[in-house]
Protein chains: 2
Amino acid sequence: METRIDRIKKQLHAASYKLTPQREATVRILLDHEEDHLSAEDVYLLVKDIAPEIGLATVYRTLELLTELKIVDKINFGDGVSRYDLRQEGAAHFHHHLVCLECGAVDEIQEDLLEDVEAVVEKRWNFQIKDHRLTFHGICWRCHDSGPNKPEKDA
Amino acid sequence: METRIDRIKKQLHAASYKLTPQREATVRILLDHEEDHLSAEDVYLLVKDIAPEIGLATVYRTLELLTELKIVDKINFGDGVSRYDLRQEGAAHFHHHLVCLECGAVDEIQEDLLEDVEAVVEKRWNFQIKDHRLTFHGICWRCHDSGPNKPEKDA
DNA sequence: TTTATTATTTAGAATCATTCTTAACTGGTA
DNA sequence: TACCAGTTAAGAATGATTCTAAATAATAAA
């Protein structure tokens with residue numbers, strides 16, 4: 001069966017890049033840490049375990065390449081560090097984030113909630129939307145007064 | 001009549017900070033450059049004209065202070081530089097941005113388009129929203145195939 | 001007023017994330 | 001074999017931001 005790695009390899013080849021061992025190791029780390037919002041440094045430390053000879057600059061270059069190919073999303077929560085998320089396969093857009101001001105947790109919303117808003121923006125502001133970034137800042141269900149009350153699973 | 005500067009002064013005093021000459025000069029620059037998305041460096045260069053003795057660190061500290069008091073919004077378009085916008089008086093939220101991938105222009109949407117979406121998020125993800133950041137990436141009306149066609153004035 | 005206290009500032013050093021440079025290495029190909 | 005484009009590691013360089021130390025200004029107390 002074709003794995004996610006195989007498909008990423010194809011995407012790279014289609015853009016005439018190779019899936020070198022360093023790149024593969026980096027992608028494996030991202031696959032093992034979906035939803036973890038790793039920084040380049042985080043990825044570097046993790047990938048060193050499975051590919052000790054890799055350099056930080058290579059990790060940066062790989063993440064940049066994957067970002068260009070829209071395999072990963074580079075996000076920025078304003079703390080001065082870029083974070084990298086594997087994009088859902090087939091997803092056309094960034095997913096959204098919920099950042100808790102209390103505990104710092106970052107949760108994800110995979111569902112695209114912006115269809116209606118985008119229709120309005122495209123029409124009213126005459127702007128062709130290619131992508132979006134939406135982050136909510138607030139208090140997560142874990143830190144709530146109303147007590148821990150896990151939300152329904154993301155639809 | 002009470003000016004915007006006067007009101008900002010009051011806000012500072014309420015939080016037991018002073019509106020020093022350096023801070024006032026910085027605020028004046030921000031007032032003269034609304035919608036310009038200035039970086040700290042930009043502000044520094046501009047403010048030096050009216051207060052030559054000011055230091056870059058002071059500009060950073062002032063912008064940080066104003067951000068804490070929600071007088072300015074610190075935004076980040078992913079180019080590694082923080083930008084600072086005076087928040088609309090009385091606005092509870094960040095305004096939204098349209099970033100053109102073609103020409104790099106950044107337009108603003110003052111109107112809050114997210115009320116419905118926020119209601120959904122608060123309920124479904126059990127998350128108390130305090131603020132949000134929404135940026136659309138795409139092609140602006142100036143760069144469009146359909147030709148320059150300025151959007152209606154922001155409602 | 002003088003003195004003590006505190007907040008604020010400047011200048012420049014320090015830090016931290018990120019990118020660049022150089023030389024070495026790889027795989028494919030003529 | 002020699003060549004060539006792509007890729008890499010190591011460390012230097014860059015650039016934004018923050019910290020440090022000493023100076024200054026404002027405020028309160030005596």
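Keep in mind that what you see is a predicted model, and the values were worked out from it rather than measured. Chain naming here is simple, since letters A, B, ... match the order of the sequence lines and numbering starts at 1 in each.
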Colleague: Can you pull out the residues from residues 5-15 of chain A that lie within a 4.0 Å heavy-atom distance of DNA chain D?
Modeller: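 When residues 5-15 of chain A is checked for heavy atoms under 4.0 Å from DNA chain D, there are no hits whatsoever.
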Colleague: Measure the distance from CD1 on B:I54 to C1' on C:dT9 and round it to the nearest whole Å.
Modeller: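 Spelled out: CD1 on B:I54 to C1' on C:dT9 is 9 Å.
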Colleague: Let me know the distance between CD of A:E53 and C1' of C:dT26, rounded to the nearest Å.
Modeller: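 That distance rounds to 13 Å.
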Colleague: Starting from C1' on C:dG27, measure out to CD on A:Q22 and report it in whole angstrom.
Modeller: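 It is 13 Å, rounded to the nearest whole Å.
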Colleague: Checking side chain to side chain contact (heavy atoms under 4.5 Å, CB included) between B:D85 and each of B:I75, B:V72, B:V106, which is the one that passes?
Modeller: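 Among B:I75, B:V72, B:V106, the one that satisfies the side chain to side chain contact (heavy atoms under 4.5 Å, CB included) with B:D85 is B:I75.
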Colleague: Roughly how far, to the nearest 0.5 Å, is the CG atom of B:D42 from the NE2 atom of B:H33?
Modeller: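 Rounded to the nearest 0.5 Å, the NE2-CG separation comes to 9.5 Å.
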Colleague: Using the 3.5 Å cut-off, write out each protein N or O paired with an N or O of nucleotides 15-25 of chain D and the distance between them.
Modeller:
| unit_1 | atom_1 | unit_2 | atom_2 | d |
| --- | --- | --- | --- | --- |
| D:dT17 | OP1 | B:S82 | N | 3.0 |
| D:dT17 | OP1 | B:S82 | OG | 3.2 |
| D:dT17 | OP2 | B:Y60 | OH | 2.4 |
| D:dT17 | O5' | B:Y60 | OH | 3.2 |

Colleague: Between B:H95 and B:Q88, is any side-chain donor less than 3.5 angstrom from a side-chain acceptor?
Modeller: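 Note: B:H95 and B:Q88 side chains miss the donor-acceptor criterion.
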Colleague: Look up atom OH in A:Y84 and atom CG in A:L30, then write down how far apart they are to the nearest 0.5 Å.
Modeller: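 Separation between the atoms: 10.5 Å.
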Colleague: Figure out the OH/C1' separation between A:Y44 and C:dA17, and round it to whole Å.
Modeller: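 Rounded to whole Å, this separation is 14 Å.
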Colleague: Specify the residue among B:Y17 and B:P52 whose closest nucleotide of DNA chain C lies further upstream toward the 5′ end.
Modeller: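 So the residue in question is B:Y17.
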Colleague: For the CG atom of A:L113 and the CZ atom of B:R124, what is their distance to the nearest 0.5 Å?
Modeller: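 Separation between the atoms: 7.0 Å.
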Colleague: Could you tell me how far apart A:L63 (CG) and C:dA17 (P) are, to the nearest whole angstrom?
Modeller: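 These atoms are roughly 15 Å apart.
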Colleague: Go through it in stages, so that I can follow the logic: the residues are A:D6 and A:T3, the test is side chain to side chain contact (heavy atoms under 4.5 Å, CB included), and I'd like the CA-CA distance, side-chain angles, deciding distance and then a yes or no.
Modeller: CA-CA 5 Å; A:D6 292 333; A:T3 65; 3.1 Å; yes
Colleague: Taking only residues at least two apart or on different chains, which pairs with a member in residues 72-81 of chain B satisfy salt bridge (charged side-chain N to carboxylate O under 4.0 Å, His left out)?
Modeller: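 Found B:D73-B:R87, B:D79-B:R83.
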Colleague: Compare the minimum distances between each of C:dT9, D:dT27, D:dT7 and the side chain of A:K18, then state the nucleotide with the smallest one.
Modeller: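 Within the option list, the nearest is D:dT7.
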Colleague: Would you mind telling me which of A:L114, A:I129, A:D116 makes a side chain to side chain contact (heavy atoms under 4.5 Å, CB included) with A:V121?
Modeller: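 Only one option passes, and that is A:I129.
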Colleague: Assign B:T20 to base, sugar-phosphate, or nothing according to its heavy-atom contacts below 4.0 angstrom with the strands shown.
Modeller: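 Result for B:T20 = sugar-phosphate.
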Colleague: Parallel, tilted or perpendicular: which one describes the rings of B:H132 and B:H93, with boundaries at 30° and 60°?
Modeller: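 If you compare the ring of B:H132 with that of B:H93, the planes turn out parallel.
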Colleague: Quick one: on DNA chain C, does B:R23 or B:K48 contact a more 5' nucleotide (nearest heavy atom)?
Modeller: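 Final value for this comparison: B:R23.
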